[in-house]
Amino acid sequence: MEGGGGGRVVTCGRWIKRPENVNLVVLGKSFRRSSTKSTIEIFSYDSETTSLSSSPLATCDIEEGEPVSIAVHPTGDEIVCSTSAGDCKLFELSGRETDVKLLAKELPCLQGVGVQKCIAFSIDGSRLASGGADGHLRIFEWPSLRVVLDEPRAHKSFRDMDFSLDSEFLASTSTDGSARIWNANVGIPVTNLRRNSDEKIELCRFSQDGTRPFLFCAVQRGDKSITGVWDMSTWDKIGHKRLLKKPASTMSTSMDGKYLALGSRDGDFCVVEVKKMEIHHWSRRLHPGTSIASLEFCPTQRVVLTTTAEWGPILTKLTVPKDWKEWQLYMLLAAMFLGSAVLFYVFFLFSDSFWNLPAKQARRPSIETFLGDPQASDDAFGPLDL
């Protein structure tokens, strides 16, 4: 755990899923109490001990400003980081497993655009969206960087954003409590989410399981914190539930869509099963007294990464029901097949049906079967003397 000791502060963090199915973690670090430059650092992840490596695998300096937000391309090969200097930096990650290198590159389309509070890649990796502190929304094709949308008055100031599973829609929220839906393919606004006059929509995440087309939003209704659900087919609110019961600072969904996580402004987080909308895990006072800055599920395990400036990155293994692995499903199917075969064989041996005729007793019927036995008669009185 690395916090603000010695002036080093972790400002943001994300998981990286590499092509060889290795999970890494990227952290943005700022050295606020010294003249040392801020950095982007890559750490390896040990699934056995649920921990990060003690030293980074690769490090790259940020010439100006501090890391604000990080977006990782779905391939795991590219990282975009927004900085407090008003620029966004591109980092290319090369190498395999733990032998990796970082190469910094410029993003001309996002130079001198002001602080970008939100930055995200679409699920299919074909779009990059950024939302500024000035409310300016930009959507680009990736990697061509062709402008899809350039809307300077999208919001008062960006609070959060998320792409839908099919990468068609982008949801965004503002510091004034409003939320909008955008078509990311053609770059046009779709609708504003309806809300009550006393409601502020703060965070947003799309469902990820492919069967429930919903948008989850953290909503502040007066002094009450609720989680609302909107139907993507109509963009109407279909319900809400009090889950975290305190103001949320960050939100995340697992890659398989089974779980939704909410981080609070006082260091707690909870994990909710989406199917029943019930809490399955609580981590209380994980980052005592500080607002959770980033929260994300591990791509392949039930582990959550959280970061705060005070306490740094923390990995938490979730206390949720274990998932069935692929080989376990195959074993179950094989056992069911063998069990069915054994039951059929047992019924065959002990059944009284005609299927159980002994093979040795099966023979051609004799002529007497058809003509009758001359020594026997069905007449109890004997043959009649005609």
Side-chain angles (χ1 to χ4, degrees), residues 74 118 120-127 129 131 137 139 154-155 158-174 177-186 188-196 199-221 224-264 269-281 295-299 302 304 318 320-321 323:
C118 308
F121 280 105
S122 61
I123 303 299
D124 63 4
S126 66
R127 298 286 187 272
L137 172 63
I139 302 179
H155 287 297
F158 268 81
R159 176 75 172 82
D160 196 17
M161 66 166 52
D162 191 44
F163 277 98
S164 62
L165 181 62
D166 58 5
S167 300
E168 181 179 0
F169 299 107
L170 175 75
S172 61
T173 64
S174 172
S178 62
R180 301 184 72 178
I181 307 297
W182 311 83
N183 187 311
N185 290 334
V186 295
I188 58 174
V190 177
T191 188
N192 292 351
L193 292 186
R194 287 188 289 272
R195 59 192 174 103
N196 297 331
E199 290 182 338
K200 293 183 66 176
I201 302 175
E202 299 188 331
L203 306 170
C204 57
R205 287 296 179 272
F206 283 99
S207 58
Q208 298 291 323
D209 64 353
T211 61
R212 301 175 181 86
F214 299 142
L215 174 66
F216 303 103
C217 294
V219 181
Q220 195 68 25
R221 179 185 290 175
K224 293 183 179 179
S225 301
I226 62 175
T227 302
V229 183
W230 277 258
D231 185 348
M232 288 177 59
S233 61
T234 61
W235 301 112
D236 290 332
K237 187 178 178 181
I238 60 176
H240 68 271
K241 193 168 184 178
R242 293 199 68 190
L243 296 169
L244 189 61
K245 297 182 179 179
K246 58 179 69 176
S249 61
T250 184
M251 196 176 192
S252 179
T253 51
S254 60
M255 291 191 68
D256 59 4
K258 290 184 178 180
Y259 295 100
L260 173 73
L262 294 161
S264 76
F269 83 86
C270 69
V271 175
V272 179
E273 185 190 23
V274 169
K275 186 177 181 180
K276 297 181 180 179
M277 289 301 284
E278 295 178 352
I279 294 177
H280 277 221
H281 175 94
L295 178 152
E296 190 180 20
F297 286 90
C298 176
R302 299 304 186 198
V304 165
L318 301 180
V320 297
D323 297 317

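Everything quoted here is computed from the prediction, not taken from an experiment.
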Please examine the side chains of [Y] and [X], heavy atoms only from C-beta on, and report whether any two atoms are closer than 4.5 Å.
X	Y	result
K258	F297	no
C204	R159	no
I201	W230	yes
R302	Y259	yes
Q208	S254	no
E168	N185	yes
C217	L193	yes
R205	D160	yes

Nearest 0.5 Å, what's the [atom1]-[atom2] distance between [X] and [Y]?
X	Y	atom1	atom2	value
F169	T191	CZ	OG1	10.5 Å
I238	M232	CD1	CE	11.5 Å
L165	M255	CG	CE	9.5 Å
S178	K200	OG	NZ	10.0 Å
T227	R242	OG1	CZ	10.0 Å
L215	W235	CG	CH2	6.0 Å

Worksheet entry | Donor + acceptor pair across side chains of T211, D209 (<3.5 Å) |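 Yes, because at least one side-chain N or O of T211 sits under 3.5 Å from a partner of the opposite role on D209.
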Discussion item. Taking CE in M277 as the centre, count heavy atoms belonging to other residues, nucleotides or ligands within less than 6.0 Å. Is the count above 12?
Written reply: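 Atom CE in M277 is crowded, with more than 12 foreign heavy atoms closer than 6.0 Å.
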Discussion item. Does K275 have more than 12 heavy atoms from other residues, nucleotides or ligands lying within 6.0 Å of its NZ?
Written reply: no
Item to complete: Identify, with sequence neighbours excluded, every residue that meets side chain to side chain contact (heavy atoms under 4.5 Å, CB included) alongside S167.
Response: S122, I123, D124
Looking only at non-hydrogen atoms, find the nearest pair between [X] and [Y] and report the distance.
X	Y	result
A120	M161	CB-SD, 4.1 Å
R180	P189	NH2-CB, 3.6 Å
R127	I139	CD-CG2, 4.0 Å
A184	F163	CB-CE2, 3.7 Å
S172	W182	OG-NE1, 2.9 Å
A218	L262	CB-CD2, 4.5 Å

Discussion item. Which residue in the set K241, K245, Q220, H240 passes side chain to side chain contact (heavy atoms under 4.5 Å, CB included) when paired with I226?
Written reply: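 With I226 as partner, side chain to side chain contact (heavy atoms under 4.5 Å, CB included) holds for just one option, H240.
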Fill in: Worked verdict on S225 versus L244 for side-chain contact (heavy atoms from CB on, under 4.5 Å)
CA-CA 7 Å; S225 301; L244 189 61; 5.8 Å; no
Fill in: Worked verdict on L295 versus V304 for side-chain contact (heavy atoms from CB on, under 4.5 Å)
CA-CA 7 Å; L295 178 152; V304 165; 4.0 Å; yes
Item to complete: For the pair S174 (side chain) and H155 (backbone), establish whether a donor and an acceptor sit closer than 3.5 Å, ignoring hydrogens and angles.
Response: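 No; zero donor-acceptor contacts below 3.5 Å.
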Fill in: S249 (side chain) donor-acceptor with G263 (main chain) under 3.5 angstrom
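Side chain of S249 to backbone of G263, a donor-acceptor pair under 3.5 Å: yes, one is there.
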Discussion item. Restricting to ring pair (Phe, Tyr, Trp, His ring centres under 6.0 Å), what partner residues turn up for F214, sequence neighbours left out?
Written reply: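 Scan of F214 (ring pair (Phe, Tyr, Trp, His ring centres under 6.0 Å), adjacent residues dropped) gives none.
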Worksheet item: Please walk me through it: do V274 and F216 pass side-chain contact (heavy atoms from CB on, under 4.5 Å)?
Response: CA-CA 10 Å; V274 169; F216 303 103; 3.7 Å; yes
